[in-house]
Amino acid sequence: MTQQSMTMAKALNEGLRRAMEKDRKVLLMGEDIGKLGGVFRITDGLQKDFGEDRVIDAPLAESAIVGTSVGLAIRGYRTVVEIQFDGFVYPAFDQIVSQVAKLHKRSAGVYTMGLVIRLPFQGGIGAIEHHSESPEAYFVHTAGLRVVVCSTPNDAYWMIQQSVEHDDPIIFCEPKSRYWEKGEVDLDNPPYGLFDAVVRRPGTDVTVVAWGSMVKTALRAADVAAEEGVSLEVIDARSLSPLDLDTIATSVEKTGRLVVVQEAPPTASVGSEIVAAVTERCFYSLRAPGTRVSAYHVPYPPSRIEDAYRPSVDRVMDAIDRVMGYDQ
Amino acid sequence: MTQQSMTMAKALNEGLRRAMEKDRKVLLMGEDIGKLGGVFRITDGLQKDFGEDRVIDAPLAESAIVGTSVGLAIRGYRTVVEIQFDGFVYPAFDQIVSQVAKLHKRSAGVYTMGLVIRLPFQGGIGAIEHHSESPEAYFVHTAGLRVVVCSTPNDAYWMIQQSVEHDDPIIFCEPKSRYWEKGEVDLDNPPYGLFDAVVRRPGTDVTVVAWGSMVKTALRAADVAAEEGVSLEVIDARSLSPLDLDTIATSVEKTGRLVVVQEAPPTASVGSEIVAAVTERCFYSLRAPGTRVSAYHVPYPPSRIEDAYRPSVDRVMDAIDRVMGYDQ
Amino acid sequence: MISDELVQLLTPEGERVSHPEYRSELGRDEILGFYRDMVIVRRLCNESTSLQRQGQLALWAPLQGQEAAQIGAGRALAPMDFSFPSYREHGVAWTRGVPPRDMLRIFRATTTGGWDPQQYRHSLPMVVLGDQTLHAVGYAMGIQRDGAEEAVMTFFGDGASSQGDVLESFVWAASFNAPVVFVLQNNQWAISEPTSLQTKIPLYHRAHGFGFPGVRVDGNDVLAMYEVAKRALDNARAGGGPTLIEAYTYRMGAHTTSDDPTRYRVDAEVEVWRHRDPIERVKALLAREFGVHKVTFDEVAAEAEQLALQLREDVLAMDAPDPTMMFDHVYAESHPLVEAGRREMIELGISGGH
Amino acid sequence: MISDELVQLLTPEGERVSHPEYRSELGRDEILGFYRDMVIVRRLCNESTSLQRQGQLALWAPLQGQEAAQIGAGRALAPMDFSFPSYREHGVAWTRGVPPRDMLRIFRATTTGGWDPQQYRHSLPMVVLGDQTLHAVGYAMGIQRDGAEEAVMTFFGDGASSQGDVLESFVWAASFNAPVVFVLQNNQWAISEPTSLQTKIPLYHRAHGFGFPGVRVDGNDVLAMYEVAKRALDNARAGGGPTLIEAYTYRMGAHTTSDDPTRYRVDAEVEVWRHRDPIERVKALLAREFGVHKVTFDEVAAEAEQLALQLREDVLAMDAPDPTMMFDHVYAESHPLVEAGRREMIELGISGGH
Ligand SMILES: Cc1ncc(C[n+]2csc(CCOP(=O)(O)OP(=O)(O)O)c2C)c(N)n1
Ligand SMILES: Cc1ncc(C[n+]2csc(CCOP(=O)(O)OP(=O)(O)O)c2C)c(N)n1
Ligand SMILES: [Mg+2]
Ligand SMILES: [Mg+2]
């Protein structure tokens, strides 16, 4: 087993490189992804090695980036699109929702929409407005799309490759605040299936589901809780569409309590979905109502106060206390 | 009390007329809303009476329709935008989510975004693709917007006026399959507040929450259930953001059972939100898990089979049977 | 001539006119072929309108008046080229070999597609205004990467010309010098809105502002349409980049069968355009210049009649699909929510041609 | 002259050149005023860059090189006109009277706004590329409905020129003949992308395709910018409709303080543009033509220095807001979810300058 320690940014870069080496139909397209290597350097060096025809610096228009990727898909290419920041995906919303999500269906399976839309998402980097959003719910709600989130370098390396190989369109969410954190990457074997949720830390009292940046927050909360004698089982959802409800439900049946931690605002969110779906499946096992720890129902605030907006360990612990106190 | 029987389409038309008479800053803008009166004739005759400056036939670009309405709002106008069909709102998504929803906040309250975006939505009219969608969840998830739905002519008449007068941006959803159904309109007094849910039929066994076209489906299900000896309390949610959770929770505390009926696909939907929020508030009252009856997680199908996609009385009854059977 | 700017090779009276840049050298058989195409697509269109009136179709978008624009452009395509239509291009679909019954499936609302777009190298109808233009440019970028000598053609209307996606597709086509030909059918109306609402100057000028050629063609002149389209496609295949062709034409009928044009336009305008009929002028030319006889025209009419009958028969035989088809092809690979939906539907007994 | 197409009234050497259509009749005081503006905004910009380097700002988007484009355009605005900037228009904000400290609030990340846009008749920075152009056109439509003699100016970059929203704003401005002036600052770069990626021809041509005038101006020549902008605004106020002004200029610095331009452009290019500095040429003109002395220039420099000091002081005094401010002004009227959030935060003890 070849192990290597690298940042998530590097793991994505290496994963993309490997995907491009394997299949010459794989293209990258986005703003500033060529010479600059993208504002986060995820595509660093790839244009130099694969040429301008395969690593395409795009004119500044997100709808066109996605729309032309659809045309390339019809021609048999697989484009990995980089949206520079979460908040700039909305101009492409029509192409994503009405075309990317529906053309496989509309063509009765003839068109393969095997494109990947990379979305550096979530906050926590002290950025200005529109650079810290968590728009996953919009895409999870949309039939025809799949949505996955990496939270470790190893997952980043493998999930990006699995996404490129997968025939359905995938919104690939990258927690930008974790880009520079290092972790071990196994260069030989993927750790899990692309759509599997994973228990990151086993526990017995409360099931905590998180994704992206919030996995680490949940794990820190688990440390704190352990000191207080409460055992959290932390699940990294990894795939938001489809959700791996089996893994989550199995855990909830054991713990009897569910807390979902998300950076997105609460209403009609992925958190709402997990709570609703798990309640339906585990009604008799639940000793407390499934509880969400979310951002607030307000626009992303100026980043000087973002720590009060994004779920913190404190807020997670507050929810843990609430669900633990329920049946006492 | 002046009562008049009219269709929902006519009620909207009269409501818009009254709003325009009251305030000369009220404008209408949309595709084909002038001479044609809109493809559903909701604005019939208004351009003739209020002139081309106030009833604006727009070039065909939804992003521009919404974006220029934002500019008009900054100038002090209140524009009621007509999006021709639900499926054509996505090109305007960026302007709605990043501007309409956020400019009041961004300007620290200086800009009033008092615009209304009318969205003929939901299916059931035998239309071709993109003409029958239920995109409400996207807007409900978005902080800064409000989302309301009329389901009767009386509500249509009053809610459109209340929406125009309200200072926040409102996504005004109109169940197009109900446009031609008649009902009594009270021309003197609004029946309810704009953001109130309303019990359309009192009952004791199951709380059924619906909106738009599905209110009628829920009421029909209540008739069927009554014959089977099950008493449904049907609530018309009317406002989806904010949700009137007090009214819903009060009902659920009484019935102990919740079924949400929506035309939208299930995942991360308004139905998910209602189930999650009600479960949190009424955990000990619930005798069965909150249950959703939704469309399926597939793109809107060809309309010849739309009746199998949209929740039917049969599917609602199936859910009623399930929640009634839970604690037996 | 309608305007100085217009490329026209055949007057409404069927007389040839010369043009400094374009000339038609087509012979009798080719022109007769165009004539046949136009007569057939008009006949099929009328049949579709009456099928709709009889409740057999959910909707129909008639092409009447635009036969020359569509047949001229469509016939200029080479077999390996690929085309991306909007929703009114039944004439183009005909030139690509799409069976008429397949064109009607979407309007009978039994499918959201209708044919195998790769087989005919003609994409599916696009209802969202303008979205297809970006697909066309992307496809053209694929052609460039394959080093293939192929071109793409995409169709949109005067109304759609205002959409951001269409305008972005111009930016991209120019930036990447993509082998794409944009065919803007300016039929003067976007439902109830006249073209003057979308633009104050002729639409073909728009291309110049993006740095590629734009040409305005008499869209009711099939010879001019064919020549201009062919040159633009040849140029694209040879690496010359995009062209915008504005086919100046007229929507003789309603926007769709749901529309009532009497609310917004006057008969006199329609009458003016009736005299510019795209079919009559070719018929006059064929008769005069090539001595084509009435019997030949009658044969074409009879063939069209036959196809219309066949179409009617095919449409009436099209049943609603099994509702579980909504779960097919949502994803290329299995998805738990889709499978759960399918199971639920089967358990509820809704499936099975209900 | 950089190109024949360019309106230029003052060479990089500070010599006047004549132009068939435009001439400057400004006197000493006005030109000195422009000089002062440019010196000050450059100095404030540099101060902001160092504040960012010292960790006092989250980000900074320098305007260096674009002072003439912004001051010329901004000074052409009448008090009642309204302007819609992008995120780099600190110079324009200065001409509108926005206090420098307020411009920096967004970059200190203590707000997503920063000033009262109605008070200064200058909208808030727009980070989403191009969205503001539609707001400008809508606002201009409001002016038309009010029968007011006012105009709107909106700013965007060469990169943003590819966005659908910008192009739709051209469609609308033309269709409604809106009193709006588009100022496209073509600073040659969109982060790492050269303008040649967005277009193969000069960007001002784009307006012609939409049916309104486009002019390319030497964006480093404040006199030319002022005259062209003033004429365009006068024309707009008089009902003459929109104009696109392409200010041909150069981004001397990094895109923002997060950017590293050495990865994508060569120093030699920057050097060429250093010789076209917008401030030096005005200084030369003032000295030669109006006999302005060193002491005056020194006074301006001292004033700029003073303002920079003041800015630094103001910025350092800007504390993080109370986190509960995130719940203010989300809605104009009370919203239960927002109030619940506020309550939760207060109960958790997070608020209170934490
Ligand atoms: C994005 C979008 N907005 C609105 C519509 C509704 N709509 C369908 S056709 C049409 C008019 C289109 O006119 P034009 O582009 O000139 O094409 P034509 O119908 O004349 O062929 C409109 C507004 C749509 N299909 N898509
Ligand atoms: C819709 C959108 N997409 C992407 C970005 C990220 N972004 C910020 S500035 C920029 C480059 C803009 O270049 P240009 O328009 O030339 O303006 P300049 O920065 O040169 O002033 C990009 C890509 C954005 N802000 N908005
Ligand atoms: Mg048209
Ligand atoms: Mg630039």
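Because the structure is a prediction, the values reported are computed rather than measured. Reminder, nothing fancy here: chain letters follow the sequence lines and each chain counts from 1.
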May I ask you to test the Tyr90(B)-Tyr90(A) pair for a side-chain heavy-atom distance under 4.5 Å?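 When only atoms from C-beta onward are counted, Tyr90(A) and Tyr90(B) do not touch, as no gap falls below 4.5 Å.
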
Is the closest side-chain heavy-atom distance between Glu129(A) and Lys102(B) below 4.5 Å?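 Yes, side chains in contact.
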
Is [X] in contact with chain B via its backbone, its side chain, both, or neither, using a 4.5 Å heavy-atom distance?
| X | answer |
| --- | --- |
| Glu133(A) | side chain |
| Arg106(A) | side chain |
| His141(A) | both |
| Thr142(A) | both |
| Leu286(A) | both |
| Ala277(A) | both |
| Val97(A) | side chain |
| Glu62(A) | neither |

Name the region of Pro266(B), side chain, backbone, both or neither, that has any atom closer than 4.5 Å to a heavy atom of chain A.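 Backbone only.
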
Is chain A contacted by the side chain of Gln95(B), its backbone, both, or neither, given a heavy-atom distance below 4.5 Å?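 Neither part.
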
What residue in [options] has the most heavy-atom pairs under 4.5 Å with chain B?
| options | result |
| --- | --- |
| Ser63(A), Pro265(A), Pro302(A) | Pro265(A) |
| Ala137(A), Cys282(A), Ala264(A) | Ala137(A) |
| Thr279(A), Ile274(A), Asp94(A) | Asp94(A) |

Report the option among [options] that has the most heavy-atom pairs separated by less than 4.5 Å from atoms of chain A.
| options | answer |
| --- | --- |
| Gly290(B), Ala288(B), Ser241(B) | Ala288(B) |
| Ala92(B), Ser98(B), Gly144(B) | Ser98(B) |
| Glu136(B), Arg322(B), Glu280(B) | Glu280(B) |

Would you give the length of the straight line joining atom NZ of Lys105(B) to atom OH of Tyr300(A), rounded to the nearest 0.5 angstrom?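 Lys105(B) NZ to Tyr300(A) OH: 13.5 Å, rounded to 0.5 Å.
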
For [X] versus [Y], what's the shortest heavy-atom pair and its separation?
| X | Y | result |
| --- | --- | --- |
| Ala143(B) | Pro299(A) | CB-N, 4.0 Å |
| Val270(B) | Ala268(A) | N-CB, 4.3 Å |
| Ala276(B) | Ser272(A) | CB-O, 3.8 Å |

Evaluate the ring planes of Tyr138(B) and Phe93(A), with Trp represented by its six-membered ring, and classify them as parallel (under 30°), tilted (30 to 60°) or perpendicular (over 60°).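 The arrangement is perpendicular - the two ring planes meet at more than 60°.
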
